[in-house]
Amino acid sequence: MKIVKCRDVTKQYGKVKALDGINLSMDENKITGVIGRNGAGKTTFMKLLAGMLKETSGRVDVFSQRPFNNLTVSVNTIYIDDQMNFPPTLTLVELLEEGRRFYPNWNHDLALGLFEHFGFRKKDLHKNLSKGKESAFNMIVGIASRCALTIFDEPTTGMDAVVRKDFYRALLKDYIEYPRTILMSTHYMDDMEELFEDVLLIDQGKVKLHIGMDDLRGYAVGLSGKKDDMLPWLEGRNVLYQKETGFDDVYAVVVNDDQQNDWNRMGNIKRSAVRPSDVCVYLTNDKGGELEHVFRSGKNE
Amino acid sequence: MSFVQVKTSEVVGKQFLYKLKSYGGVFTSLVVIQLLGVFFSLSGSSSHGTGGLGFSFNIRTYSADIIMAFTIFWGFMTALLLTTKAYREDDFAFVTNRLTSNLSTISFLVTAGIIASLTACLSSFLIQVAAYIQGSEVHMLFNKEDMLASLGYAAAYTGFSILLFNSIGYLAGMIIQLNRLFLFILPTVFIGSLIILGVNDGGNPVAVLVQFIYFEPVFWLFILKTLVLSVLFFALAALVSRRLEVGR
């Protein structure tokens, strides 16, 4: 069953198009990483799925229903970000109790276990938590609710490395025990590589890539060699990134297209794997050039 | 994965309890505003005295009118407050849609209003005690047999007034949430209409409302009028809220 279906979905804020013609569908019980630059439209996309925003045009279907203002979608979906609006008068444990009352699949033992593990005090208030602690608490709510569609928007904001690792493990363990569809946006893709089964790369409001993690690992290949060898070879190929690495050396990232790439004719060009996170960066690079331009232009004036 | 279905009424019930627990501040403000009302009432609403050779007396009338007025105003402000983002979006941390959110908030407002109207009426006793402590001889204006009935009427009038002002506040709040500009437009239109329409005497909206509701001699008609108006305003507010997205 397709959990999520989007047809020509556009979301506009005033004149700005945050999402522009999104078409995709997602299978159930997969962990999908939602990757993209700042302002690419990741949050807007996920809020649409959670029914918090309404699409400007097109059609979003979650569990074959329109999510906006939909109770069935709401009870089967949870959206966790770093701006969770919990009532300031309830203590942390009371908030977990509320979670138990609202979500039928809620696992309270797990919630309390994680609560203990991350060193929360029962009487603490959500608004008094530090940034990292707040994220950890929201994460507990997200995991324990066991919603059929669980959405994490930047769940690791402010978490230290240890908590982050624990979070991945907790999520994975509970996911294996109780499979569900999980969407997670993050800028720490290297950390989460092992977690993701699919990757959705969003760039400037459009879907740039929606493939399996394994396909992403083989999506591109890094090549390095002497300029004289490289430049003719790169001619006419799909080059994602190119940089001079030394006096005479060039490093380039090329889309791994088996039919086109004749590996035998490459001669002195060395091949290397490209990390998926780097592929994502290369795919979404602005054409405006590198940061140095900003400083160079400043000097000239 | 297991897919769950829930009933609207079930979620409304859960949200209602959730709100009772988490909106404690609403009752704190109620206590504060009623104590303030009691304080202002202590000097009495009218007083006249006279004396003769070797004697003098002074009659002071105490009433809980100010407390009731304050409480009705509190009802307006509370409803307005609950439409603000901080409160409205509390629901969206858990399970909700706009309908359940509105219904549970309105249920909460009605409950709080009932409590407020009861405490407002009972505060008249507090004033009597205070007057007694000040050294006055206290006489009630109604006899003991009528007391319960009078209290009941007073509570009903206050309660339904609170409900009406709840609904006005709720509607105004939702309109403001739709677009911040209404924060300026609504008061401007209101005060402007007071001035412009007030030129023909009794034509301004407040006078019309007071005439229509509070000059109604039949008790049940008063109840009916406030009820119908409140339902109308709440329904309009719910309609407006359907367009609101979750900003957070």
Side-chain angles (χ1 to χ4, degrees), chain A residues 1 3 11 13 28-30 43-44 47-48 50-54 63-64 67-91 94-95 97-106 126 138 141 145-150 153 178-182, chain B residues 1-29 81-105 108 177-180 238-248:
Chain A
M1 190 185 116
I3 289 283
K11 176 68 190 174
Y13 296 108
E28 67 176 325
N29 301 346
K30 269 193 174 177
T43 298
T44 305
K47 279 189 172 175
L48 277 175
M52 297 165 80
L53 302 178
K54 194 172 198 257
F63 314 116
S64 309
F68 186 74
N69 213 2
N70 186 321
L71 203 59
T72 311
V73 172
S74 180
V75 76
N76 288 291
T77 308
I78 191 162
Y79 174 89
I80 300 287
D81 66 358
D82 58 352
Q83 289 166 48
M84 297 296 288
N85 214 337
F86 289 120
T89 44
L90 296 185
T91 64
E94 284 171 333
L95 287 177
E97 283 290 338
E98 290 301 322
R100 168 154 81 165
R101 290 199 315 118
F102 276 107
Y103 291 106
N105 292 336
W106 180 272
H126 192 263
N138 297 346
V141 174
S145 63
R146 289 190 159 177
C147 286
L149 176 60
T150 304
D153 190 5
Y178 196 89
R180 64 198 104 154
T181 309
I182 298 175
Chain B
M1 184 206 81
S2 71
F3 191 70
V4 208
Q5 296 277 2
V6 279
K7 276 198 293 239
T8 302
S9 54
E10 200 181 316
V11 175
V12 172
K14 284 176 182 173
Q15 284 182 341
F16 175 66
L17 287 178
Y18 172 53
K19 284 172 184 181
L20 275 187
K21 277 186 232 165
S22 51
Y23 294 172
V26 165
F27 294 103
T28 316
S29 67
L81 184 73
L82 293 191
T83 61
T84 56
K85 223 172 175 174
Y87 285 90
R88 189 161 43 83
E89 293 190 356
D90 280 353
D91 290 344
F92 287 86
F94 298 114
V95 180
T96 191
N97 64 11
R98 272 83 189 158
L99 180 67
T100 62
S101 179
N102 281 318
L103 285 178
S104 60
T105 303
F108 172 80
Q177 293 304 314
L178 200 62
N179 194 329
R180 282 301 143 87
L239 220 61
V240 170
S241 78
R242 289 179 61 166
R243 296 173 50 100
L244 290 175
E245 295 186 325
V246 184
R248 107 179 172 207

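No experiment lies behind these values; they were computed from the predicted model shown. Below, chains carry the letters A, B, ... as their sequence lines are ordered, and counting in each starts from 1.
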Hey, what do you get for CE (A/Met84) to CD (B/Glu89), rounding to the nearest 0.5 Å? 11.0 Å

Would you say A/Phe68 and B/Arg98 make side-chain contact, with heavy atoms under 4.5 Å? yes

Under the salt bridge (Lys or Arg N to Asp or Glu O under 4.0 Å) test, residues paired with B/Lys14 that sit two or more places apart: B/Glu10

Smallest heavy-atom separation, A/Tyr103 atom then B/Ala93 atom, equals OH-O, 3.6 Å

A/Thr89 side-chain N/O to B/Ser22 backbone N/O, donor-acceptor pair under 3.5 Å: yes

Could you tell me which portion of B/Lys7 (side chain, backbone, both or neither) has an atom closer than 4.5 angstrom to a non-hydrogen atom of chain A? backbone

Correct closest heavy-atom pair for A/Thr72 and B/Val4 would be CG2-O, 4.0 Å

In terms of heavy-atom proximity below 4.5 Å to chain A, should B/Thr8 be classed as side chain, backbone, both, or neither? both

Give me the ring orientation class for A/Phe102 and B/Phe94: parallel if the planes are under 30° apart, tilted from 30 to 60°, perpendicular past 60°. parallel

For A/Leu71, which atoms come within 4.5 Å of any heavy atom of chain B: side chain, backbone, both, or neither? both

So, do B/Asn97 and A/Asn70 sit near enough that their side-chain heavy atoms are less than 4.5 Å apart? no

Can you measure from OH (B/Tyr18) to CZ (A/Arg101) and round to the nearest 0.5 angstrom? 9.5 Å

To the nearest 0.5 Å, what is the distance between NZ (B/Lys21) and CD (A/Glu97)? 7.0 Å

Applying salt bridge (Lys or Arg N to Asp or Glu O under 4.0 Å), can you list everything that pairs with B/Asp90, at least two apart in sequence or on another chain? none

Cut-off 4.5 Å, heavy atoms of chain B, and the answer for A/Asn69 is both

